[in-house]
Amino acid sequence: MKFSTITLLAVPVVTASFLCSYFLDITMGNAEQYLGLIAVVFIDGFFGIAAGIKREGFQTRKAVRVLQRAIGWILLLTVILMVEKGFAGTNWLSEAIIIPFIVLQLISALKNASMAGFIKAEELNKILDRIDNHKGSRK
């Protein structure tokens, strides 16, 4: 059996087309989750870099960590969404795994914003007291 050049080229092109369309479907179907994740990572990174500049000057390795963290969480979210799509009854996975991360990143962003001087320490304490109001307020 003899294969033509067109047949040999068609297999990788069809495979790449399938993979691209599959990931396009996942990302566009869950664009809000991806955008929310990226926004939280970058706002925390922005305030963290600003706080770092204020304290010790700009450090490239710390700024690159923001991109590494964003890529890592995007890959993790993609894998979770693939599992959700492939297995019935697992629609809760992305919320259960990603939401705690987002909450921690938002609290980190508030702390970094305070350290950078965007939010006064008293205001941050009020915000944190409202989060944990069962513990009472600081005085």
Side-chain angles (χ1 to χ4, degrees):
M1 179 180 227
K2 189 173 182 180
F3 292 104
S4 69
T5 306
I6 294 175
T7 306
L8 292 175
L9 290 176
V11 172
V13 169
V14 169
T15 303
S17 298
F18 166 75
L19 290 174
C20 289
S21 65
Y22 179 77
F23 287 115
L24 179 69
D25 180 53
I26 284 181
T27 54
M28 296 313 291
N30 300 287
E32 295 84 9
Q33 288 186 21
Y34 282 102
L35 291 174
L37 184 71
I38 291 168
V40 169
V41 169
F42 282 126
I43 196 72
D44 182 35
F46 171 77
F47 287 134
I49 290 169
I53 289 171
K54 188 174 182 179
R55 284 180 297 164
E56 59 208 27
F58 182 78
Q59 293 184 2
T60 305
R61 66 181 168 81
K62 290 186 178 182
V64 170
R65 275 195 226 150
V66 175
L67 295 174
Q68 291 172 338
R69 184 175 292 129
I71 290 169
W73 279 103
I74 287 170
L75 290 175
L76 183 63
L77 179 59
T78 302
V79 169
I80 292 168
L81 291 172
M82 288 170 66
V83 170
E84 283 182 0
K85 193 170 186 162
F87 296 97
T90 58
N91 293 336
W92 53 271
L93 270 179
S94 61
E95 289 85 6
I97 294 172
I98 301 297
I99 293 297
F101 159 75
I102 289 176
V103 170
L104 291 175
Q105 285 294 119
L106 286 172
I107 292 170
S108 175
L110 285 172
K111 183 179 176 185
N112 286 334
S114 175
M115 292 172 71
F118 291 101
I119 299 175
K120 294 180 183 176
E122 302 84 39
E123 291 296 321
L124 177 62
N125 286 337
K126 286 180 187 177
I127 293 169
L128 293 176
D129 286 341
R130 287 183 186 152
I131 292 172
D132 279 341
N133 60 5
H134 67 281
K135 294 180 182 176
S137 62
R138 299 169 225 240
K139 297 202 183 206

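Just so it is clear, the structure is predicted and the values come from calculations on it, not from any experiment.
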Note to self: Between Leu104 and Phe42, is there shared hydrophobic-cluster membership here, with clusters defined by ILVMFWY side-chain heavy atoms closer than 4.5 Å?
What the structure shows: no

Next item on the list: Answer with yes or no whether the hydrophobic clustering places Val79 together with Ile97; edges join I, L, V, M, F, W, Y residues whose side-chain heavy atoms lie under 4.5 Å apart.
Entry: no

Next item on the list: Could you walk me through whether Val13 and Ser17 pass the side-chain contact (heavy atoms from CB on, under 4.5 Å) test, one step at a time?
Entry: CA-CA 6 Å; Val13 169; Ser17 298; 4.2 Å; yes

Check: Parallel, tilted or perpendicular: which fits the ring planes of Phe46 and Phe118, with parallel below 30° and perpendicular above 60°?
Finding: tilted

Report the distance from atom [atom1] of [X] to atom [atom2] of [Y], rounding to the nearest 0.5 Å.
X      : Y      : atom1 : atom2 : value
Leu24  : Leu19  : CG    : CG    : 12.5 Å
Met115 : Lys54  : CE    : NZ    : 9.5 Å
Lys126 : Lys120 : NZ    : NZ    : 9.5 Å
Phe87  : Met82  : CZ    : CE    : 10.0 Å
Thr27  : Tyr22  : OG1   : OH    : 11.0 Å
Ile99  : Trp92  : CD1   : CH2   : 13.5 Å

Check: Who else is in Leu75's hydrophobic cluster (ILVMFWY, side-chain heavy atoms under 4.5 Å, direct or via others)?
Finding: Ile71

Note to self: Just to verify, which of Ile119, Leu110, Asn112 counts as forming a side-chain contact (heavy atoms from CB on, under 4.5 Å) with Phe47?
What the structure shows: Asn112

Shortest non-hydrogen contact between [X] and [Y], atoms and distance:
X      : Y      : result
Pro100 : Glu95  : CD-O, 3.9 Å
Ile26  : Asn30  : O-ND2, 2.9 Å
Ala121 : Ser114 : CA-OG, 4.0 Å
Val41  : Gln105 : CA-NE2, 4.2 Å
Asp44  : Ala109 : OD1-N, 3.2 Å

Check: Do Thr78 side-chain atoms and Ile74 backbone N/O form a donor-acceptor pair below 3.5 Å?
Finding: yes

Notebook entry, point to check: Does any N or O in the side chain of Glu84 come within less than 3.5 Å of the main-chain N or O of Ser94, such that one atom is a donor and the other an acceptor?
Noted result: yes

Item checked: Verdict with reasoning, Leu77 to Gln33, per side-chain contact (heavy atoms from CB on, under 4.5 Å) -> CA-CA 8 Å; Leu77 179 59; Gln33 288 186 21; 3.4 Å; yes

Checklist line | Qualifying salt bridge (charged side-chain N to carboxylate O under 4.0 Å, His left out) pairs with a residue from residues 9-32, counting only residues at least two apart or across chains | finding: Asp25-Lys85

